[in-house]
Number of protein chains: 2
Amino acid sequence: MTRRVTLMDVSKQAGVGVATVSRALAAEPHRDVSPATRERIRRIADDLGYRPSLAARALRTGEYRALSVIVPDFEWGWWEPVVRSAYNAAEEHGYHLLVHPVGERRGGAAGTISALSNVPTDGVIVLGFSASREVQNAAAALRLPVVSVDDTEANPILPTVSVDNRAGGRMATEHLLSQGRQRLAYVGNTWAGNFVDQRIQGFRDAHDSAGIEVNDRLILRCENPWDDPPFTFKELDELLADGVRIDGMFCEYDRMAGPALRSLRRAGLTVPGDVAVVGYDDEEWAKLTDPPLTTIRQPYEELGALAVSLAIQAQTRPVAAERRTVVPTLRKRQSA
Amino acid sequence: MTRRVTLMDVSKQAGVGVATVSRALAAEPHRDVSPATRERIRRIADDLGYRPSLAARALRTGEYRALSVIVPDFEWGWWEPVVRSAYNAAEEHGYHLLVHPVGERRGGAAGTISALSNVPTDGVIVLGFSASREVQNAAAALRLPVVSVDDTEANPILPTVSVDNRAGGRMATEHLLSQGRQRLAYVGNTWAGNFVDQRIQGFRDAHDSAGIEVNDRLILRCENPWDDPPFTFKELDELLADGVRIDGMFCEYDRMAGPALRSLRRAGLTVPGDVAVVGYDDEEWAKLTDPPLTTIRQPYEELGALAVSLAIQAQTRPVAAERRTVVPTLRKRQSA
DNA sequence: TTGTATGCGTTATCAT
DNA sequence: ATGATAACGCATACAA
């Protein structure tokens, strides 16, 4: 391992001062350096294999030009496209994006943010967590601005970008109703959460507009059956066994579709013939279910780009702790 | 935004020199500082909200204590658990792990590595790319050691950690044969690649051991049907329509299972009754197919941990450009 | 247009 | 056990 090539080396080789070299190598052509020398110096730097020291630069400028995004690593999938778009957006701003999965062992989102004291970063984007005080405090302790994505708390305490879940629920339901389906089930998880309430609210909204009454018995809260046979939703199995008829189903999120489709098939119902099914999230594998899943697609690209732009803004001037809402769209496939 | 708290501030407050403060705040108790002052200084630092400057530290020590992992962002899914285990392993070594998705626009793996000149990092782990000369050169230009994961080239030019695909293919096939299945199809993608050859070789190995002849007509190379109805594999549809009987199927990787299962169902075949199906990768959603997919699980945890350990080693002493192989396991579910 | 000199905050070396 | 100080490599204010 030879010593690293520094500005000094380049300057000596070029027979000019380090300042000139620094200016010549600046990203955007510096006004105080002749194109000729700029060109000459850049060539020499290249020949010598010069690479700027990020540490030295950051020490001098006080910024790393990097953002960190905290992702929930126990929930695979949905956040990937957000990270992707954030990465691209960051790049366009000349920033790098560092991705940090939250480990159970790492004390959740707040713990992961605290660990960022050892990561060179200028700002934090938190994906998919309700931004509690703890998150806010952890970031404040590091003097890092935070932006939250997909936090569905009623009153955000941070600048927040999120999707209109109520509109999404409504959209899914309207799609089902518009096909003449009348007896719709809502198949949700057992957990509670604002986004759940919002999607159900959308479900109700659509019924109201259509003048159809919601049968509360069809609003199901199901236990995860993912690890034990027969991998169906027993709540749904029982409902169907009781002879309750449904002709449409809105799954709280795509992952509910696997067990739900199995329950339907087990009950001898076809999709979409007997029952039309709509999911939520448009995860990559939604096209792999049988039949391919019609679903609500979150505007992942917007989410990522917006979050990055807010995070960069927040570095210089405070950004209001208010919610920016983006709207989902319907992705039609074969299940409804 | 007030000025940041530095060692100087702490030292003045404590009435000691900066060196003492630096020693007192070192991660592992420094031998040259009394426990009393150590304790006192740490408290003061805490009170003042002192955070070390990573830039200054890195400038001084010459290392960031961070590794970068390059992941193929166009292939969702399989690498997630590897990143997770790598993250944990890195943490145990006192390192941070930075995750970098490769963008199409970013010039592939090599391009993404080059972009790391703007990322504070001490080493690179490349996931899921055949480590070409380009990758090697890109890393060399940055003077960063590289470790490759899941590169299936015959002769690795980098330290490489990979899974025994031949053993995996054999394992999947033996599982099918052991159930008395005799007419097995191999359902693969149209692409070529060493890992494909290896899995097929394992498929053949198992047949050889069982004294069963492979019917080459049953080795299918199918076009992706993921974006167009009817979302089945037409190659498989045709085979079945021709009246060819199969009773078992090995999918080259889990994602092939969606269309394959649809093809089977469309042909009126049940799974696993008529046809037993085994996948490869054990992706998260493998449990969502109907029936839940029996599959070959790659030892993701080992892959990540091993890669990190090699990358850290490579920082100090050269690590041989040889392949370390780990073995997959069978994950039994309902499809076979 | 270019060169010189300073300081960013830390750790390590050398005194004491 | 502690303190003073040099050096890491860069960007910039200021001088030329």
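Just so it is clear: chains get the letters A, B, ... in the order the sequence lines come, proteins before strands, and each one is counted from 1.
- No side-chain heavy atom of B:Q13 sits less than 4.5 Å from a side-chain heavy atom of B:D47.
- We find that CZ of A:R57 is positioned 19 Å from P of D:dC8, with the value rounded to whole Å.
- A:M8 places its CE atom 9 Å from the P atom of D:dC8, with the value rounded to the nearest Å.
- With rounding to whole Å, B:L7 atom CG is found 16 Å from D:dT2 atom P.
- Relative to the side chain of B:T37, the nucleotides C:dT2, D:dG3, D:dT2 differ in distance, and D:dT2 lies closest.
- Along DNA chain D, the nucleotide nearest to B:T20 and the one nearest to A:T61 differ in position, and the one closer to the 5' end is contacted by B:T20.
- The nearest whole Å value for the distance from the NZ atom in B:K12 to the P atom in D:dG3 is 15 Å.
- In this structure, B:A19 and B:L59 both approach DNA chain C, and ranking their closest nucleotides by distance from the 5' end singles out B:L59.
- In terms of modelled atom types and a separation under 3.5 Å, the side chain of A:Y300 and the main chain of A:D281 share a donor-acceptor contact.
- Within the 4.0 angstrom heavy-atom criterion, only backbone atoms of the sugar-phosphate kind lie near A:T6; the bases stay farther away.
- A:S11 comes within 4.0 angstrom of no nucleic acid atom, judged by non-hydrogen atoms across all strands.
- If you check every strand for non-hydrogen atoms under 4.0 Å, B:R38 touches nothing.
- For B:Y50 and C:dT10, the shortest distance from a side-chain N or O to OP1 or OP2 is below 4.0 Å.
- Protein atom CZ of B:R4 is 10 Å distant from nucleotide atom C1' of C:dC8, rounded to whole Å.
- The CZ atom of B:R23 sits 10 Å away from the P atom of C:dA12 (whole-angstrom rounding).
- In this structure, the side chains of A:D151 and A:L158 stay at 4.5 Å or more apart for every pair of heavy atoms.
- Two residues, A:V33 and A:V18, neighbour DNA chain C, and the one matched to the more 5' nucleotide by heavy-atom proximity is A:V33.
- Checked by atom type and distance alone, the side chain of A:R324 pairs as donor or acceptor with a backbone atom of A:E322 at under 3.5 Å.
- In this structure, the CD atom of B:E63 is 14 Å from the C1' atom of C:dT10, given to the nearest Å.
- Across all strands, A:S22 comes closer than 4.0 Å to base atoms (heavy-atom distances).
- The base of C:dG9 lies outside donor-acceptor range of the side chain of A:R60, with no N or O pair under 3.5 Å.
- For B:T121, the side chain to side chain donor-acceptor pair (under 3.5 Å) criterion is met by B:S68, not counting sequence neighbours.
- Atom CZ of B:R51 and atom P of C:dT10 are 13 Å apart (whole Å).
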